[in-house]
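To start, the structure under review is shown below, and the notes come after it.
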Amino acid sequence: MSTHAPQAAQAVTLPTTLDEAVAALTAMPAAVPVAGGTDLMAAVNSGQLRPAALVGLGKISEIRGWQYLDGHALLGAGLTHARMGRPDFAALIPALAAAARAAGPPHIRNAGTLGGNIASAAPTGDALPVLAALEATLIVAGPDGARREVPVSHLLAGMDVLRPGELIGYVRVPLLHAPQVFLKATGRTGPGRAVASVALVLDPARRGVRCAVGAIAPMPLRPLEAEQWVAQLIDWDNNRAIVPEALSAFGEYVAAACIPDAAPEEDGSVPPLPPAVLHLRRTVAALARRALGRALS
């Protein structure tokens with residue numbers, strides 16, 4: 001199928017299976033995969049990208065649902081934000097459903113997909129801090145039916161990039177059966193676009209807290225020391241009680257870990273952070289404090 005629009009892709013392939021899509025990408029190394037196209041078409045319209053060919057993933061039904069597997073949920077990369085925002089999915093992974101509902105206006109939520117959010121790796125992607133906090137794993141499809149697993153944090157950090165011909169097929173998420181929260185602060189940079197976001201999940205089985213901060217850096221940040229510190233203050237045997245002062249201290253701990261003070265000058269003095277950075281730090285602290293408070297309430 002060809003298109004005659006000026007400066008558009010020269011060919012579009014519409015496979016019906018994941019392996020067919022991988023084969024198409026292998027046969028056309030210059031082709032670009034497209035699902036919802038919310039990020040891709042913005043890049044095309046702005047002139048940043050002129051793909052020679054497109055491989056459409058919209059007809060691959062196997063990646064548009066989810067299933068249960070050994071205490072995990074196996075999520076298809078083609079799941080839309082609108083589908084993840086529904087009540088049945090929210091009962092499964094509440095934080096990811098909350099992020100999906102916050103992903104933007106209806107036309108974005110109806111088109112944008114989980115796999116596209118991961119592959120584009122935009123810092124403001126709402127699903128990314130949730131997946132980082134859940135320690136999700138990607139199942140990547142490759143040529144000749146190959147499958148390999150990659151921690152989502154490795155892909156987002158560039159530690160393990162997608163190879164030629166590979167596609168994100170599924171996302172494996174542990175089912176914690178415990179409170180999860182996603183919160184974000186928005187500005188004037190676009191409809192629903194995060195200035196900062198926080199995903200927080202409790203892991204009662206391990207008596208742990210996992211937190212990820214999004215939008216303030218190229219990839220979600222995990223304040224590991226803050227997680228470990230606050231987990232020790234929670235009374236896991238008494239309705240997960242915690243003293244109120246610890247909530248505020250946790251927020252400050254997270255914010256300082258993700259937005260540290262400036263490096264000391266030669267004379268040992270520490271220059272103050274710019275007002276905009278201080279405001280962002282306060283925003284992160286407030287989001288982290290509220291997220292933990294809601295998870296424990």
Mind listing the closest non-hydrogen atom pair of L57 and P33 along with its distance?
CD1-CB, 4.2 Å
Within 6.0 Å of CG in D88, more than 12 heavy atoms from elsewhere:
yes
With clusters defined by side-chain heavy atoms of hydrophobic residues (ILVMFWY) lying less than 4.5 Å apart, directly or transitively, does L25 cluster with M28?
yes
Step-by-step salt bridge (Lys or Arg N to Asp or Glu O under 4.0 Å) determination, E227 to R210
CA-CA 6 Å; E227 294 176 359; R210 298 208 292 270; over 6 Å; no
Between atom CZ of R147 and atom CG of D144, what is the distance when rounded to the nearest 0.5 Å?
10.5 Å
Could you check whether atom CZ of R64 has more than 12 heavy atoms from other residues, nucleotides or ligands sitting under 6.0 Å from it?
no
Does some side-chain heavy atom of R281 sit less than 4.5 Å from a side-chain heavy atom of C258?
no
Are side-chain heavy atoms of D237 and R207 found at a separation under 4.5 Å?
yes
Do the side chain of S269 and the main chain of E265 share a donor and acceptor less than 3.5 angstrom apart?
no
Can you tell me how far NE2 of H177 sits from CG of L92, rounded to the nearest 0.5 angstrom?
8.0 Å
Is the backbone of R163 close enough, under 3.5 Å, to the side chain of E166 for a donor and an acceptor to pair up by distance?
yes
Do side-chain atoms of N117 reach the backbone of A127 as a donor and acceptor pair under 3.5 angstrom?
yes
Would you check if the side chain of W236 reaches a backbone N or O of A231 as a donor-acceptor pair within less than 3.5 Å?
yes
Trace of the side chain to side chain contact (heavy atoms under 4.5 Å, CB included) decision for I259 with V213:
CA-CA 10 Å; I259 307 175; V213 179; over 6 Å; no
Shortest non-hydrogen separation from S248 to R289 and the atoms involved:
OG-CD, 3.6 Å
Stepwise side chain to side chain contact (heavy atoms under 4.5 Å, CB included) check, T137 with V150
CA-CA 6 Å; T137 301; V150 179; 5.9 Å; no
Just by distance, do the side chain of R148 and the backbone of V140 share a donor-acceptor pair under 3.5 Å?
no
Starting at CD1 of I242, measure out to CD of Q232 and round the result to the nearest 0.5 Å.
11.0 Å
Quick check: does any side chain N or O of H72 sit under 3.5 Å from a backbone N or O of D70, one acting as donor and the other as acceptor?
yes
Starting from the C-alpha separation in whole Å, work towards a yes-or-no answer on side chain to side chain contact (heavy atoms under 4.5 Å, CB included) for V209 and L202.
CA-CA 5 Å; V209 175; L202 300 184; 3.9 Å; yes
Do V171 and V152 come close enough that some side-chain heavy atom pair is under 4.5 Å?
no
Pairwise distance CG(L296) to CZ(R240) - rounded to 0.5 angstrom
7.0 Å
Do the side chains of Y170 and I63 get nearer than 4.5 Å, heavy atoms only?
yes
Under a single-linkage definition using a 4.5 Å side-chain heavy-atom cutoff for Ile, Leu, Val, Met, Phe, Trp and Tyr, are F182 and L221 assigned to the same hydrophobic cluster?
no
Shortest non-hydrogen contact between L167 and A21, atoms and distance:
CD1-CB, 3.5 Å
Any sub-3.5 Å donor-acceptor pair from R222's side-chain atoms to C211's backbone N or O?
yes
Work out which heavy atom in A73 is nearest to a heavy atom in I93; give both atom names and the distance.
CB-CD1, 4.2 Å
Atom CG of L183 and atom CG of L200: how far apart are they, to the nearest 0.5 Å?
9.0 Å
Same cluster for F250 and V181 if Ile/Leu/Val/Met/Phe/Trp/Tyr side chains link at under 4.5 Å?
yes
Do V195 and T186 pass the side chain to side chain contact (heavy atoms under 4.5 Å, CB included) test, and can you show the C-alpha distance, the side-chain angles, and the key distance before you say yes or no?
CA-CA 5 Å; V195 172; T186 59; 5.5 Å; no
Indicate whether any N or O donor in one side chain lies under 3.5 Å from an N or O acceptor in the other, for E20 and T16.
yes
Heavy-atom donor-acceptor pair, D235 side chain to N238 backbone, under 3.5 Å
yes
Working to the nearest 0.5 angstrom, can you tell me the gap between L138 CG and D160 CG?
9.5 Å
Do P29 and P164 have side chains that get closer than 4.5 Å, going by heavy atoms?
no
Does some side-chain heavy atom of L18 sit less than 4.5 Å from a side-chain heavy atom of E62?
yes
With heavy-atom distances below 4.5 Å as the criterion, would you say the side chains of L79 and T113 are in contact?
no
If hydrophobic clusters are built by linking Ile, Leu, Val, Met, Phe, Trp and Tyr wherever their side-chain heavy atoms come under 4.5 Å apart, do I216 and L128 end up in the same one?
no
Same cluster (ILVMFWY, side-chain, under 4.5 Å), I60 and I118
no
With heavy-atom distances below 4.5 Å as the criterion, would you say the side chains of M159 and P151 are in contact?
no
Is a side-chain N or O of R109 found less than 3.5 angstrom from the main chain of G104, in a donor-acceptor match?
yes
Distance-minimising heavy-atom pair for P129 and A212:
O-CB, 3.2 Å
Assess whether atom CD of E225 is packed by more than 12 heavy atoms of other residues, nucleotides or ligands within 6.0 Å.
no
Measure from the side-chain N and O atoms of K184 to the backbone N and O of D126, and report whether any donor-acceptor pair falls under 3.5 Å.
no
Where do V173 and A136 come nearest, in terms of heavy atoms and distance?
CG2-CB, 4.0 Å
